[in-house]
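Take a look at the structure below.
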Amino acid sequence: MLTINLFNGLVYGALLIVMSSGLALIYGLRRVVNFAHGALYMLGAYLGYSVAQHSNFWVALLVAPAIMAVVGVLLDRYGFRLLQDREPLNVMLVTFGLLLILEDLVVFVWGKANLSLFTPELLNFSFNLLGNEVPAYRIGVIAVGAAVALGLTLWLRFSRVGLFVRAASTDPVTTSMQGVNTDALSAAVVGLGSALAGLAGVVAGPFLSLSPHMSSDVLIDSFVVVVIGGLGSLAGAFIAALLLGMMQAVGAVYLPEVSVLLPFIFMIAILVWKPSGLAGSRT
């Protein structure tokens, strides 16, 4: 039982890496607490479901994040950019309103019934893990999380655009004075973050049911991950996502009565010990 739960915790941690990395990227550059991020995850899952019905899972895995990237660029252009000089509370209320609008849109288009993506044939089998049968698809989820973590790390550290993103996250005014188009950069980052949310939704489809309210749980966990890791810190988000997944897995076995509270207890402890988060900067 513990082996299976640890494995499932690793799977959920990998999913949180994909989801929370987009949230961390958007906050790091735009300084926006994006409550609509969970709705982008949900919309990506439903788009992936529709695409898969007309083609296959692998096409959905490409098309849904691409559509969500366009949605993210539009969200930045006609949302975050217009609100960048407003009070943070106003931006939070706008993104929360967008969350409600997208939930109603999903109900209007796809209905209220729970849906599920079919597991792709390539990964539709089980294998033995220390005497337990586990679905091979979940190894695929772990691989996606690892690929996203590695890809984002290499992109931010070694690409020219990644250098601009890190600079703009630290000091957008000086970066703009150096000739970097920070508005275009922000649109690209919000588009990438939205694409990652959509990717997480498609990846979650075969093992989590799709519903108009599926955004709530993963959004809360993603915010907990970003806060524990340090606001705007990708490395911190990666570490915190895996810790949170494992904590929930172990808690479900040994502390089932309070397992739901463990992430919040851990978050409070981290904030008391290190208010900037595991990898955040005190500045």
Side-chain angles (χ1 to χ4, degrees), residues 4 7-23 34 36-72 99 102-127 133-149 151 191-222 225 241-242 244-245 248-249:
I4 288 295
F7 176 74
N8 289 334
L10 183 59
V11 172
Y12 188 57
L15 182 66
L16 283 179
I17 284 177
V18 182
M19 181 69 177
S20 60
S21 57
L23 194 62
N34 183 19
H37 202 70
L40 300 177
Y41 158 83
M42 171 193 64
L43 185 57
Y46 275 93
L47 288 172
Y49 171 82
S50 294
V51 173
Q53 293 299 304
H54 293 88
S55 55
N56 58 61
F57 175 83
W58 305 109
V59 174
L61 199 62
L62 296 175
V63 173
I67 295 174
M68 295 312 302
V70 175
V71 172
L99 165 66
L102 291 177
E103 285 185 353
D104 287 341
L105 175 65
V106 165
V107 172
F108 177 77
V109 175
W110 287 278
K112 295 182 179 180
N114 287 359
L115 304 173
S116 180
L117 272 167
F118 292 109
T119 303
E121 284 294 328
L122 183 64
L123 298 175
N124 193 16
F125 64 93
S126 298
F127 67 95
E133 292 294 318
V134 298
Y137 179 77
R138 303 203 173 194
I139 292 293
V141 176
I142 295 172
V144 170
V148 167
L192 176 59
S194 301
L196 289 172
L199 176 63
V202 178
V203 168
F207 71 97
L208 297 177
S209 63
L210 277 60
S211 75
H213 305 292
M214 65 183 291
S215 62
S216 302
D217 291 339
V218 73
L219 178 64
I220 292 172
D221 285 345
S222 296
V225 164
L242 293 176
L244 184 64
Q248 290 187 335

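- In this structure, the side chains of I139 and F7 come closer than 4.5 Å at one or more pairs of heavy atoms.
- Looking at L16 and L244, their side chains come closer than 4.5 Å, going by heavy atoms from C-beta outward.
- Atom CD of E133 is surrounded by more than 12 heavy atoms from other residues, nucleotides or ligands within 6.0 Å.
- Minimum interatomic distance between L242 and G13 (heavy atoms only, all atoms of both residues): CD2-C, 4.2 Å.
- Between N34 and L23 there is a side-chain heavy-atom pair separated by less than 4.5 Å.
- At a threshold of 4.5 Å between non-hydrogen side-chain atoms, the residues V202 and F57 count as touching.
- Note that CD1 of I67 is 13.0 Å distant from CG of L40, once rounded to the nearest 0.5 Å.
- Atom OH of residue Y49 and atom CG of residue L115 lie 4.5 Å apart, to the nearest 0.5 angstrom.
- W110 and Y46 have tilted rings, their planes meeting at an angle from 30° to 60° on a 0 to 90° scale.
- Contact check for S211 versus N114: side-chain heavy atoms found under the 4.5 Å cut-off.
- Remark: D104 CG to L99 CG distance equals 9.5 Å, nearest 0.5 Å.
- Looking only at side-chain heavy atoms (C-beta outward), M214 and L208 stay at 4.5 Å or farther from each other.
- Enclosure of atom CZ in F127 by more than 12 non-hydrogen atoms of other residues, nucleotides or ligands within 6.0 angstrom is indicated.
- Remark: M42 CE to L105 CG distance equals 8.0 Å, nearest 0.5 Å.
- With hydrogens and angles disregarded, a donor-acceptor distance shorter than 3.5 Å links the side chain of S21 to the backbone of V18.
- The shortest non-hydrogen separation linking A149 to I17 is CB-CG2, 4.2 Å.
- Put simply, CE on M19 and CG on D221 are 10.0 Å apart, with the number rounded to the nearest 0.5 Å.
- At most 12 non-hydrogen atoms from other residues, nucleotides or ligands lie less than 6.0 angstrom from CZ of F118.
- Nearest heavy atoms, A195 versus P65: CB-O, 3.4 Å.
- Nearest heavy-atom pair, L210 versus S116, reported as atom, atom and distance to 0.1 Å: CD1-CA, 4.4 Å.
- Taking CD1 of I142 as the reference point, atom CG of L15 lies at 11.0 Å (rounded to 0.5 Å).
- Among all heavy-atom pairs drawn from S215 and A39, the shortest one is CB-N, 3.8 Å.
- Side-chain contact between L61 and V51 is absent, with no heavy atoms from C-beta onward closer than 4.5 Å.
- Among all heavy-atom pairs drawn from S20 and A241, the shortest one is OG-CB, 4.5 Å.
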Next item on the list: Could you check L102 against V106 for side chain to side chain contact (heavy atoms under 4.5 Å, CB included), going step by step and ending with a plain yes or no?
Entry: CA-CA 6 Å; L102 291 177; V106 165; 5.6 Å; no
Next item on the list: Evaluate the side chain to side chain contact (heavy atoms under 4.5 Å, CB included) criterion for residues N124 and Y137: first the C-alpha distance (whole Å), next the side-chain angles of each, then the deciding distance (0.1 Å), finally the verdict.
Entry: CA-CA 7 Å; N124 193 16; Y137 179 77; over 6 Å; no
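- Side chains of F207 and V11 form a contact here, defined as non-hydrogen atoms less than 4.5 Å apart.
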